[in-house]
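All figures in this text were calculated on a predicted structure; none of them were measured in a lab. Naming convention: chains lettered A, B, ... in sequence-line order (proteins, then strands); numbering from 1 in each chain.
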2 protein chains.
Amino acid sequence: MRARSASSADAAFLASYKPSDFSRPSVAVDIVALTVIDSLLRVLLIRRAEPPFRGRWALPGGFVRVGDAHRHRGESLDEAVARELDEETGLSVRDVYLEQLGAFGHPDRDPRMRVISVAYYALVRPDLVPTVRGGGDAAHAEWHVVPSRGLRLAFDHDRIVDAARERIRERIHTTSLARSLVARTFTIPELRNVYAIVTGEPQDPGNFRRKFQAMLDARVVERAPGKRITASKPAAVYRFA
Amino acid sequence: MRARSASSADAAFLASYKPSDFSRPSVAVDIVALTVIDSLLRVLLIRRAEPPFRGRWALPGGFVRVGDAHRHRGESLDEAVARELDEETGLSVRDVYLEQLGAFGHPDRDPRMRVISVAYYALVRPDLVPTVRGGGDAAHAEWHVVPSRGLRLAFDHDRIVDAARERIRERIHTTSLARSLVARTFTIPELRNVYAIVTGEPQDPGNFRRKFQAMLDARVVERAPGKRITASKPAAVYRFA
DNA sequence: TAAATAGTGTCTATAAGACATTATCTC
DNA sequence: GAGATAATGTCTTATAGACACTATTTA
């Protein structure tokens, strides 16, 4: 996304240009990390140890490192969110599905100062959940059920979580998003459960199987060795190819 | 989107809080204003009169007014884009479909300084196009064909236009987005043409009519008086209800 | 054997693509 | 009347929902 270099005609201008002292906002990235635990959609929240909203639950995130005018290059938004994801959860961008949600910039969203937040959502496979560590100041990190009824989050983070919830509902049928919400190996009922959780509608086993069969035919998924032991009939195990 | 007030426990902290001098980016809003003229998708571009990228075409936009810490409240992103839309095009947010596209924040996107841009797209009904004036420093505003082949825009604006193009393609069938790209009164072929332009695929007249009939049945659209004179058989005129 | 859930098959309603046909205007 | 395009109808196929039924395990 590097901009093309400015024309030579601009060079003189740039050499003499001094960023004016217009007041500027701080810019943060916030992460809505979602997973499925015990058949419930969950979001990773961190209990704030400092004001404002001390003691409230909030999304993991932090400020974008902007660099110092011409000396330091600074980081892109994608780089910032990758860094924060690693710092606050120990997760790598390679292991999760990560996508920008949008910018949230109401003047009153942070009582300290003007902060514009660029929110991302991250889908975390359930088998990676045990590896998530609340690092740094994230000593108190927990996976909370979504929607977190009665749990009023810090800042405008309720709205950001709602936006993420809505986004995955829109995308579940047109993308392979569900892939990032089941363990690496999974059964048909487990995958079906993800669709049910995200859409909010129960999924018919027979009809879902037909959809799954199409994924098998298209070699999107394949059989994996072994069987999943349940309370009744064991289920065949699959994985994404 | 007002944040809930911080607890009283936070009050003391806030009173003594001074925003630290971390370097901050400038934050801008850029507008991808789209319309249909002569059966072609068009984007409103403004010729830059100042460096950087002097003489290049760019999206209309401007900096978000942040306010001064505690004295001035500043404007939200939605307020900023509404103001810029008015200033640079004379259009009101009430007259267009306006939606946030996302944030673009590569460190090198602006050679002057670090600028993070929150992009919006605006759908402008063709009958409003004559009222669009390039106001302020937008002395040279033109509706350019999308994709603007060979026309390399300033900054990373090519990518932003591409993102808008992709977004409306995704949304055309699931939302009533087409409504904002036809004149207030329109014929079935005109509406069909909008779908063809946005999807990039020709739309079968017979099949499209069936879809349109469903809109009539649902009272989404209704007959309008008069007929549209064409080179051959005149077409009936409709409007959205 | 009973209970539970995995897995299969079938019927039907709806939506979508292809395409032939008719209607009504301008030139 | 010729040409053009609006408007209509029909056939076929793909998709999706409802639901009955069979299979295989644990308790």
Between NZ of B/Lys211 and P of C/dA18 the distance, given in whole Å, is 14 Å
Do A/Leu44 and A/Glu88 come within less than 4.5 Å of each other through their side chains, counting heavy atoms only? no
Strand-adjacent residues in residues 175-206 of chain A, judged by heavy atoms under 4.0 Å from DNA chain D: A/Asp204, A/Gly206
Does any non-hydrogen side-chain atom of A/Tyr97 lie less than 4.5 Å from one of A/Leu177? no
Indicate yes or no: at least one non-hydrogen side-chain atom of A/Val221 is less than 4.5 angstrom from one of A/Phe212. yes
Within-4.5 Å side-chain heavy-atom neighbours: B/Glu170 and A/Thr174: no
Name the orientation class of the two ring planes belonging to B/Phe208 and B/Tyr195 (parallel below 30°, tilted from 30 to 60°, perpendicular beyond 60°). perpendicular
Would you name the heavy atoms of A/Val182 and A/Asp127 that are closest together and state the gap between them? O-OD1, 4.2 Å
How far apart are the closest heavy atoms of B/His173 and B/Lys211, and which atoms are they? CD2-NZ, 3.4 Å
Would you kindly check whether a donor in the side chain of A/Arg210 faces an acceptor in the base of C/dG7, or vice versa, at under 3.5 angstrom? no
DNA chain C contacts made by residues 223-238 of chain A, counting heavy atoms under 4.0 Å: A/Ser232, A/Lys233, A/Pro234, A/Ala235, A/Ala236
Whole-Å gap separating C1' (D/dA20) and CG (A/Asn207): 13 Å
Exercise: identify the closest heavy-atom pair between A/Arg223 and A/Val237: NE-O, 3.0 Å
If I take atom CZ in residue A/Phe208 and atom C1' in nucleotide C/dG9, what distance separates them, rounded to the nearest angstrom? 18 Å
